[in-house]
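Notes to accompany the following structure.
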Protein chains: 2
Amino acid sequence: MTELDELIERVARGERHAVARALRIVDDHPEVGRTLAYRLHDHRRGAEVIGLTGNPGAGKSTVADCLITLLRKAGKKVAVLAVDPSSPFSGGAILGDRIRMSQHSSDDGVFIRSLATRGALGGLSSATFDSVRVLDAAGFDVVLVETVGVGQDEVDIARLAETTIVVLVPGMGDDVQAIKAGLLEIADVFLINKADREGVPALEKSLRQMQSLAPEHGSWEPPIVRAVALRGEGLEELLKVVTLHQEHARSPSGRDRAVSRANDMFDRLLDAALVERGRGRLAKPLVLARQRLRAAGADPYAEVLALLEAPELS
Amino acid sequence: MTELDELIERVARGERHAVARALRIVDDHPEVGRTLAYRLHDHRRGAEVIGLTGNPGAGKSTVADCLITLLRKAGKKVAVLAVDPSSPFSGGAILGDRIRMSQHSSDDGVFIRSLATRGALGGLSSATFDSVRVLDAAGFDVVLVETVGVGQDEVDIARLAETTIVVLVPGMGDDVQAIKAGLLEIADVFLINKADREGVPALEKSLRQMQSLAPEHGSWEPPIVRAVALRGEGLEELLKVVTLHQEHARSPSGRDRAVSRANDMFDRLLDAALVERGRGRLAKPLVLARQRLRAAGADPYAEVLALLEAPELS
């Protein structure tokens, strides 16, 4: 039995140390992590994957905190992946820490981890997808993926999560222009947090208007839930709606999106594998191309064209 | 002489109809467009590529309009690429149209085009990069690329443009949290538009504070310019600062970024080519994999692993 085989067995038995180690491998050594993820095939269990996104300051961590409490009460094991943009500005790293420091830190049924890596082209890294696979194999019933609503992450999350919750706050000038188009397209559930502030009806109205312009969301119309997460209000309603959506997503009428998500993941994995294999074969001529690119005026298009003719590729 | 050869010759002579046709090919038939772009190697001229990004409503079109006027006065030929998110919500398509309908429409030294395509993973599509290459070969001295500040586009634009202008508006709650981290990292120049509104000093102060936390921007500290583009105020100052940055970017101390941009473009082109070649070879087994993915429960990871063993790839 190789070391990796052993790690896989221990992950599948839900051993915390093994899970932590597997996630570290996925984040620090993506190639090994990918192999690990491929080999977890026989240990898939079908965890519910819930995405949580929204602008900084929308209160996502507090919402996550409340959801964990409710899910634990329902007897479910919960893992949280907080995707931290690598930017030093966003304060993203704080998210995971905030939850980690809460009352859940001593609960064996809760596992919280921040992921630092980003995709090469922005958006969620492949490590995020691989990490969800690890947590699923480890027996967590729910995997909550939290992203700051910056850039491509918020679009990618709908590719990963069965149910995506978009957290908004009233009174932030969230009129039709300010609500980012991407958020509308990915939301399965809207949560208006800090709903004790002014501007809730206006925000709801804007959302409804934009929804009426939106392309058909299939047979599911994203509901709007009000909450004041800091006081724990509205979260049970949120969880009820999420459960409804999960049932919908697994029903025949919701299956299209599951298939489209599987295809997205397949495309992503395949392209990454083709690139890795091609670049592996081109290792030597790549070094020379990089040298030429360091000289001013080299044409990237011409360099790629030359590489494609390399005997290593044929 | 093939049809493509002829098109290339006509583009290089700056014939408007040929340029329009080449751009249409790039947008509608990316594979042919890529070949076209590769073959423009001998016609590279080194146009200045300027990026213009910012949230919807920041006044980017008006700023672009003013810049065109000033650049034309300086005797420069100007092309504008307005990248329209394909989302029906953003109103992006209006941008290009707005400029097109302005006084520049009858000016032969101005060429305006909207691009509809998006990258597979979000962000600027490869067609945007290929289009800039066409416009450069056609003899435009400046190519202005305008993106709505939504998602990955705003990060990608710094990979394409020598100088990126980020347009902000005061009094929109642009405090340290609300200014998106991504925008700060890509800005070579900040333009505070609608600077006759309240809140300019507060916005400037926030920007300065965030800059002081930022990683070294090399030897260039992004200046902050105030403007009221609707009245044409501040745009000459903007252009002066952009020219300074262009000089900096082409100086020895600014060259690192040019090399890093060339490497980014090279990586992007190479990966796209490797994927295209691999998928071409796998055409038949891919059909079968898609069929299995349509059945519920197929594992994308397992499907990719099986494809990588296909004899077509060895």
Side-chain angles (χ1 to χ4, degrees), chain A residues 37-38 40-41 44 55-57 85 87-90 119-123 133 150-152 154-156 172-173 177-178 180-182 184-185 210 213-215 255 258-259 262-263 265-266 269-271 273-275 277-279 289-290 293-294 296 298-305 307-308 313, chain B residues 37-38 40-41 44 55-57 85 87-90 119 121-123 133 150-152 154-156 172-173 177-178 180-182 184-185 210 213-215 255 258-259 262-263 265-267 269-271 273-275 277-279 289-290 293-294 296 298-305 307-308 313:
Chain A
Y38 278 125
L40 287 171
H41 174 66
R44 291 182 302 149
N55 287 329
S87 155
F89 301 114
S90 64
L121 295 174
R133 197 164 166 99
V150 172
Q152 181 62 14
E154 63 200 27
V155 179
D156 267 5
M172 301 273 283
Q177 272 224 319
K180 284 194 283 174
L184 256 186
E185 285 166 24
M210 292 189 75
L213 298 171
R255 254 205 55 213
V259 169
N263 271 290
M265 201 179 291
F266 169 79
L269 290 166
L270 178 60
D271 289 355
L274 291 172
V275 164
R277 178 182 291 227
R279 286 183 173 251
R290 297 260 181 232
L293 286 169
R294 265 200 295 278
D299 179 9
Y301 281 80
E303 293 300 332
V304 169
L305 213 51
L307 273 184
L308 292 178
L313 268 194
Chain B
Y38 277 125
L40 287 171
H41 175 66
R44 291 182 302 149
N55 287 330
S87 155
F89 302 113
S90 65
L121 295 174
R133 197 164 165 99
V150 172
Q152 182 61 15
E154 62 201 28
V155 179
D156 268 5
M172 301 272 284
Q177 272 223 318
K180 284 195 282 173
L184 256 187
E185 285 166 23
M210 292 188 75
L213 297 172
R255 253 204 56 213
V259 169
N263 270 291
M265 200 179 292
F266 170 80
D267 284 331
L269 291 165
L270 178 62
D271 289 354
L274 290 173
V275 164
R277 177 182 291 227
R279 285 182 173 254
R290 297 259 181 234
L293 286 169
R294 267 200 293 279
D299 178 9
Y301 281 79
E303 293 300 332
V304 169
L305 214 51
L307 273 183
L308 292 178
L313 267 195

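Sequence lines set the chain letters: A, B, ... in the order given, protein chains first and strands last, and positions in each chain run from 1.
- From A:R290, atom CZ reaches atom CZ of B:F266 across 5.5 Å, with rounding to the nearest 0.5 Å.
- A distance-only check finds a donor-acceptor pair linking the side chain of A:R277 to the backbone of B:L308 [under 3.5 Å].
- In this structure, the portions of A:A262 lying under 4.5 Å from any heavy atom of chain B include both its backbone and its side chain.
- Residue A:L40: no heavy atom, backbone or side chain, is found under 4.5 Å from chain B.
- Contact record, A:R255 with B:R294: NH2-O, 2.5 Å, taken as the closest heavy-atom pair.
- A donor-acceptor pair is defined here as one N or O able to donate and one able to accept, closer than 3.5 Å; no such pair exists between the side chain of B:R133 and the backbone of A:Y301.
- Scanning all heavy atoms of the two residues, the minimum distance from A:L293 to B:N263 falls at CD1-OD1, 3.5 Å.
- Most heavy-atom pairs under 4.5 Å with chain A, from the set B:A289, B:A258, B:A37: that is B:A37.
- For the atom pair CZ (B:R44) and CG (A:D299), the distance works out to 4.0 Å, reported to the nearest 0.5 Å.
- Both the backbone and the side chain of A:L305 have a heavy atom closer than 4.5 Å to some heavy atom of chain B.
- The distance from atom CD of B:E303 to atom CG of A:L269, rounded to the nearest 0.5 Å, is 11.0 Å.
- Contact count against chain B (heavy-atom pairs under 4.5 Å) is highest for A:V304 among A:L274, A:L307, A:L270, A:V304.
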